[in-house]
Enquirer: 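My questions all concern the structure below.
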Amino acid sequence: MTDLFRNAGLGWADYKADGKLAALLIAALLYLWLTGKAKEQKTLILYATVAAVCCILPVTAVPLMLYQTKFYDYEWIWSLVPLTAVTAYGLVIFLEGQWKRRDGRGFRGALPVTALVFLAISLCGNLGGDPQERAEKNAERKEAIAVTQMLLESYPEEEICLLAPAGILEYARETDPRIRLVYGRNMWDMSLNAYAYDTYDEKTTELYQWVELVEQSADGWMPDEDKEEILHALKERIRDALERKVNCILLPAAVPSEIAERMEAVLGTKARTMGDYLVFALF
């Protein structure tokens, strides 16, 4: 129990560090309550206030964390709080008061205040996470969509059941939802299984782990024992894939030549280079 309270406290600290939108929410709530402007949307504002307090205080945050299960981190309990809606409402009410002031300032007084508010929002927000991480994700997404688009153009009449590294599978169906996958994001993002009883069988999990290990072999030097593990399990993993109706395997073109050659021998097909990937098609 002590660990839960510590995690709740640290979670709030991390949540504040990632972005200051929670501070804007608190400022909006204080403004609405102290000025009496909360009465027009009293139910919503009251709920947001109670929910925010429950998320901030460890003694109430812990039960919420237990309710959502341990698959989710502390930050997810903030999904209970209508943060964006209430913050926006408070800002709109505040700016409305500035633009309707009758002290003679009018446009010249309200414009700088509005500009400062928008500057504060831009400095407080971190809606997309770390910029570097976001850039890497965008690059990964573009690469995945590009290679799956080439795949579809090369085999326009085929019903593709794709086996590929997680970085490709995560975005493959954005290109065309007709692409079938052996497993999806809930294979590597366990939080997506929090309320589900269905899990992948052992063979499918081993297939996922094998594909990810093969992808790592393309990054450069790999210990000989890992390479041997890939080659030793290759025939069995290919059999598992075929049993799951896989007819297209996509692997990085930089995988060691012995792995690509063994794949060709077991599958009985020649690999085709497509961008930075090798395609093993079984159509």
Side-chain angles (χ1 to χ4, degrees), residues 71 132-133 136-137 139-152 154-155 158-173 175 179-193 196 198-283:
F71 284 99
Q132 183 176 354
E133 181 181 351
E136 291 174 356
K137 275 290 185 182
E140 186 178 80
R141 178 177 177 272
K142 288 179 180 179
E143 181 182 39
I145 291 177
V147 71
T148 49
Q149 184 64 49
M150 286 190 287
L151 192 63
L152 290 167
S154 299
Y155 307 102
E158 304 294 343
E159 294 184 3
I160 298 175
C161 182
L162 182 65
L163 177 65
I168 297 294
L169 297 184
E170 184 168 1
Y171 305 105
R173 287 173 59 84
T175 307
I179 295 177
R180 294 187 293 115
L181 309 178
V182 180
Y183 47 79
R185 281 183 55 201
N186 59 329
M187 173 65 83
W188 57 87
D189 188 352
M190 297 302 295
S191 65
L192 299 177
N193 286 324
D198 293 333
T199 57
Y200 291 106
D201 60 81
E202 182 179 353
K203 289 294 185 181
T204 304
T205 302
E206 290 176 350
L207 181 60
Y208 157 72
Q209 294 170 344
W210 183 81
V211 172
E212 296 308 301
L213 190 60
V214 172
E215 183 185 33
Q216 292 175 27
S217 72
D219 293 336
W221 180 84
M222 169 176 271
D224 291 337
E225 54 268 28
D226 287 347
K227 192 179 295 185
E228 285 299 321
E229 179 183 347
I230 292 173
L231 294 171
H232 177 73
L234 189 148
K235 190 172 184 179
E236 184 178 357
R237 297 289 83 82
I238 293 300
R239 185 179 67 245
D240 294 337
L242 296 180
E243 288 177 353
R244 287 154 180 78
K245 310 301 182 183
V246 169
N247 57 17
C248 185
I249 301 175
L250 202 63
L251 296 174
V255 296
S257 58
E258 55 263 48
I259 295 177
E261 291 168 3
R262 184 76 65 87
M263 289 278 293
E264 290 178 333
V266 172
L267 290 168
T269 186
K270 188 73 175 176
R272 175 178 176 180
T273 302
M274 195 170 289
D276 295 329
Y277 288 84
L278 293 176
V279 177
F280 300 88
L282 302 173
F283 303 122

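Values reported hereafter were calculated over all heavy atoms of this structure, with side chains retained and with hydrogens, waters and symmetry mates removed. Model, not experiment: these values are computed from the prediction. Here, residue 1 is the first one in the sequence, and each next residue gets the next number.
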Enquirer: Might you confirm whether atom CD of E202 has over 12 heavy atoms from other residues, nucleotides or ligands at distances under 6.0 Å?
Expert: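 No, not enclosed.
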
Enquirer: Just jot down the salt bridge (Lys or Arg N to Asp or Glu O under 4.0 Å) partners of E258, sequence neighbours excluded, or say none.
Expert: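 With sequence neighbours excluded, E258 shows a salt bridge (Lys or Arg N to Asp or Glu O under 4.0 Å) to K227, given in chain and number order.
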
Enquirer: With rounding to the nearest 0.5 angstrom, report the CG to CG distance, L151 to L250.
Expert: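 Output value for this atom pair is 6.5 Å.
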
Enquirer: Could I get the full list of side-chain hydrogen bond (donor to acceptor under 3.5 Å, both in side chains) partners for T175, not counting sequence neighbours?
Expert: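 Checked T175 against side-chain hydrogen bond (donor to acceptor under 3.5 Å, both in side chains); matches are T148.
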
Enquirer: So, for C248 and I160, which heavy atoms are closest and what is the spacing to 0.1 Å?
Expert: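 Shortest heavy-atom separation between C248 and I160 comes out as CB-CG2, 3.9 Å.
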
Enquirer: Which of these passes side chain to side chain contact (heavy atoms under 4.5 Å, CB included) with I230: V214, V255, V211?
Expert: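 Single pass found, and it is V214.
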
Enquirer: What's the spacing between R237 CZ and I249 CD1 if we round to 0.5 Å?
Expert: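 Spacing of CZ (R237) from CD1 (I249) equals 12.5 Å.
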
Enquirer: With a cut-off of 3.5 Å and sequence neighbours excluded, list every side-chain donor-acceptor pair involving residues 263-283.
Expert:
residue : atom : partner : partner atom : Å
E264    : OE2  : A271    : N            : 2.9
T269    : OG1  : A281    : O            : 3.3
R272    : NH2  : S154    : OG           : 3.4

Enquirer: P256 and S217: which non-hydrogen atoms are nearest, and at how many Å?
Expert: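 Result for this residue pair: CD-OG, 3.3 Å.
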
Enquirer: List in chain and number order the residues that pass salt bridge (Lys or Arg N to Asp or Glu O under 4.0 Å) with E212, two or more places apart in sequence or in another chain; answer none if no residue qualifies.
Expert: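 Once residues adjacent in sequence are excluded, E212 has no partner under the salt bridge (Lys or Arg N to Asp or Glu O under 4.0 Å) criterion.
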
Enquirer: Please name the pair of heavy atoms, one in D226 and one in L213, separated by the smallest distance, quoted to 0.1 Å.
Expert: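 Where D226 meets L213 most closely, the heavy atoms are O-CD2, 4.1 Å.
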
Enquirer: Who are the salt bridge (Lys or Arg N to Asp or Glu O under 4.0 Å) partners of D224, not counting sequence neighbours?
Expert: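 Once residues adjacent in sequence are excluded, D224 has no partner under the salt bridge (Lys or Arg N to Asp or Glu O under 4.0 Å) criterion.
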
Enquirer: Drop me the distance from L163's CG to D240's CG, to the nearest 0.5 angstrom.
Expert: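 So the CG of L163 and the CG of D240 are separated by 10.5 Å.
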
Enquirer: How far does CD of E170 sit from CE of M187, to the nearest 0.5 angstrom?
Expert: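 One finds 14.0 Å between CD of E170 and CE of M187.
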
Enquirer: In Å and rounded to the nearest 0.5 Å, what is the CD1 to CZ distance from I168 to R141?
Expert: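 So the CD1 of I168 and the CZ of R141 are separated by 12.5 Å.
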
Enquirer: With side chain to side chain donor-acceptor pair (under 3.5 Å) as the rule and sequence neighbours excluded, what pairs involving residues 244-254 come up?
Expert: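 Side chain to side chain donor-acceptor pair (under 3.5 Å) check on residues 244-254 returns D201-R244, T204-R244.
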
Enquirer: Could you list the residues that satisfy side-chain hydrogen bond (donor to acceptor under 3.5 Å, both in side chains) with R239, not counting sequence neighbours?
Expert: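 Checked R239 against side-chain hydrogen bond (donor to acceptor under 3.5 Å, both in side chains); zero matches.
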
Enquirer: Specify the closest pair of heavy atoms between L181 and A172, including all atoms of both residues, with the distance to one decimal.
Expert: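 Residues L181 and A172, closest heavy atoms: CD2-CB, 4.4 Å.
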
Enquirer: Can you name the salt bridge (Lys or Arg N to Asp or Glu O under 4.0 Å) partners of K203, sequence neighbours left out?
Expert: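 Applying salt bridge (Lys or Arg N to Asp or Glu O under 4.0 Å) to K203 gives E236.
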
Enquirer: Minimum heavy-atom separation for L169 and Y183, please, with both atom names.
Expert: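 Heavy-atom minimum between the residues: CD1-CE1, 3.4 Å.
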
Enquirer: Do Y200 and N186 make a side-chain contact, defined as non-hydrogen atoms from C-beta onward lying under 4.5 Å apart?
Expert: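 Counting from C-beta outward, Y200 and N186 do come under 4.5 Å.
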
Enquirer: Taking ring-ring contact (aromatic ring centres under 6.0 Å, His included) as the test, write out the residues that go with Y171, two or more places apart.
Expert: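 Expected list: none.
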
Enquirer: side-chain hydrogen bond (donor to acceptor under 3.5 Å, both in side chains) with R262: which residues, sequence neighbours excluded?
Expert: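 Per chain and number, R262 pairs via side-chain hydrogen bond (donor to acceptor under 3.5 Å, both in side chains) with no residue.
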
